[in-house]
Number of protein chains: 2
Amino acid sequence: MPNVAALPLIQPEVEPCCPPLAERPLTADEAERTAKMFKALGDPVRLRLFSAVASHEGGEACVCDISDVGVSQPTVSHHLKKLKEAGLLSSERRGTWVYYRVEPAVLAAMGALLTKAAAA
Amino acid sequence: MPNVAALPLIQPEVEPCCPPLAERPLTADEAERTAKMFKALGDPVRLRLFSAVASHEGGEACVCDISDVGVSQPTVSHHLKKLKEAGLLSSERRGTWVYYRVEPAVLAAMGALLTKAAAA
DNA sequence: CACCTGTATCGACACTCGTCAACATAGACA
DNA sequence: TGTCTATGTTGACGAGTGTCGATACAGGTG
């Protein structure tokens with residue numbers, strides 16, 4: 001398989017998560033999917049890594065810029081992978097370094113989910 | 001130990017969580033506190049229970065109204081306790097039944113935290 | 001008082017998760 | 001090619017978590 005030129009890494013048709021939280025009780029499936037994202041932010045180290053990326057210039061940071069969270073390098077890598085699997089971050093290799101960036105759409109959806117619940 | 005009359009279970013002076021997520025990297029302490037709340041929503045059963053309370057009339061529901069999430073009664077009680085400890089729900093006994101209600105301020109803070117991160 | 005219903009706690013178990021050291025892989029450069 | 005740095009993966013271990021049955025507690029009713 002040669003280079004498959006511009007894979008559609010962003011799927012706009014996939015709604016990230018989020019039936020509004022206070023509108024009706026979530027179904028088991030909806031809860032399962034939504035919980036994954038909250039769970040990803042439910043660890044202090046991941047939250048610090050995520051915050052470091054989000055607050056970095058352009059919402060993007062090299063791993064080397066954010067690895068200073070008091071755990072070993074493999075652990076950092078592991079947590080970044082989790083955040084990526086949850087859809088909160090995406091990664092791209094540029095030369096020697098790997099850059100992680102936030103996925104604003106997913107974040108906005110999660111935020112709206114909570115904000116609407118608070119307003120109800 | 002007789003009844004210790006009205007322990008101050010709610011501490012209003014405790015600000016719920018939330019240094020804005022994309023403004024600067026979270027400190028270890030901030031991350032620890034904030035992660036607790038996300039963690040509380042990181043379980044499908046808790047998310048369903050929370051959604052059931054939030055979507056109920058007046059943002060308040062009796063346990064008996066929301067226990068239908070496919071786990072045993074002790075497990076439901078355990079999860080509601082977790083949500084309460086995280087500051088997302090509060091409870092009150094009225095006669096035979098116990099009512100849980102959402103804490104809108106905490107939710108709004110969490111929502112803002114994410115929304116601001118998305119906007120950055 | 002006894003009894004019933006609704007909710008919380010306890011104790012145990014299986015499973016998941018965070019962490020690390022060791023190793024593997026990818027790219028840059030000589 | 002070889003070597004160095006940056007990052008990811010593997011395997012293992014201990015701590016934490018979700019779940020349940022059994023039990024305890026609270027309040028209503030008779």
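Keep in mind that what you see is a predicted model, and the values were worked out from it rather than measured. Chain letters run A, B, ... following the sequence lines, proteins first and then strands; every chain starts at 1.
Between B:Glu60 and B:Arg94 a salt bridge is recorded (basic side-chain N to carboxylate O distance below 4.0 Å). A salt bridge is absent between A:Glu32 and B:Arg48; no separation between the charged side-chain nitrogens and carboxylate oxygens falls under 4.0 Å. The pair B:Arg24-B:Glu30 meets the salt-bridge criterion, since a charged nitrogen lies less than 4.0 angstrom from a carboxylate oxygen.
Grouping the Ile, Leu, Val, Met, Phe, Trp and Tyr side chains by contacts below 4.5 angstrom, directly or via other members, places A:Leu83 with A:Val98.
Although no hydrogens or angles enter the test, the distance criterion places no donor-acceptor pair under 3.5 Å between the side chain of B:Ser91 and the main chain of B:Tyr100. Using a distance-only test at 3.5 Å, with no hydrogens or angles considered, a donor-acceptor pair links the side chain of B:Thr115 to the main chain of B:Gly111. Proximity of a side-chain donor or acceptor of B:Ser51 to a complementary backbone N or O of A:Leu21 within less than 3.5 Å is detected.
Using a 4.0 Å heavy-atom criterion, one finds that B:Arg94 contacts no nucleic acid atom at all.
We find the CD-NZ distance between A:Glu85 and A:Lys36 to be 10.0 Å, quoted to the nearest 0.5 Å.
A straight line from NZ of B:Lys36 to C1' of D:dT17 spans 15 Å, rounded to a whole angstrom.
Sequence order on DNA chain C of the closest nucleotides to A:Thr96 and A:Lys82 puts A:Lys82 first from the 5' end.
B:Glu103 and B:Ser90 form a side-chain donor-acceptor contact under 3.5 Å, judged by distance and modelled atom types alone.
Counting heavy atoms from C-beta on, the side chains of A:Leu88 and A:Met110 come closer than 4.5 Å.
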Show the distances under 3.5 angstrom between N or O atoms of the protein and N or O atoms of nucleotides 8-16 of chain D.
| residue | atom | partner | partner atom | Å |
| --- | --- | --- | --- | --- |
| D:dG8 | OP1 | A:Tyr100 | OH | 2.6 |
| D:dG8 | OP2 | A:Ser77 | OG | 3.0 |
| D:dG8 | O5' | A:Ser77 | OG | 3.4 |
| D:dG8 | N7 | A:Gln73 | NE2 | 2.8 |
| D:dG8 | O6 | A:Gln73 | OE1 | 3.3 |

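For DNA chain C, the span of nucleotides reached by chain A at under 4.0 Å from its heavy atoms goes, 5' to 3', from C:dC17 to C:dA28.
Inter-axis angle, ends of the helix from C:dC1-D:dG30 to C:dA30-D:dT1, five pairs per end, rounded to 10 degrees: 20°.
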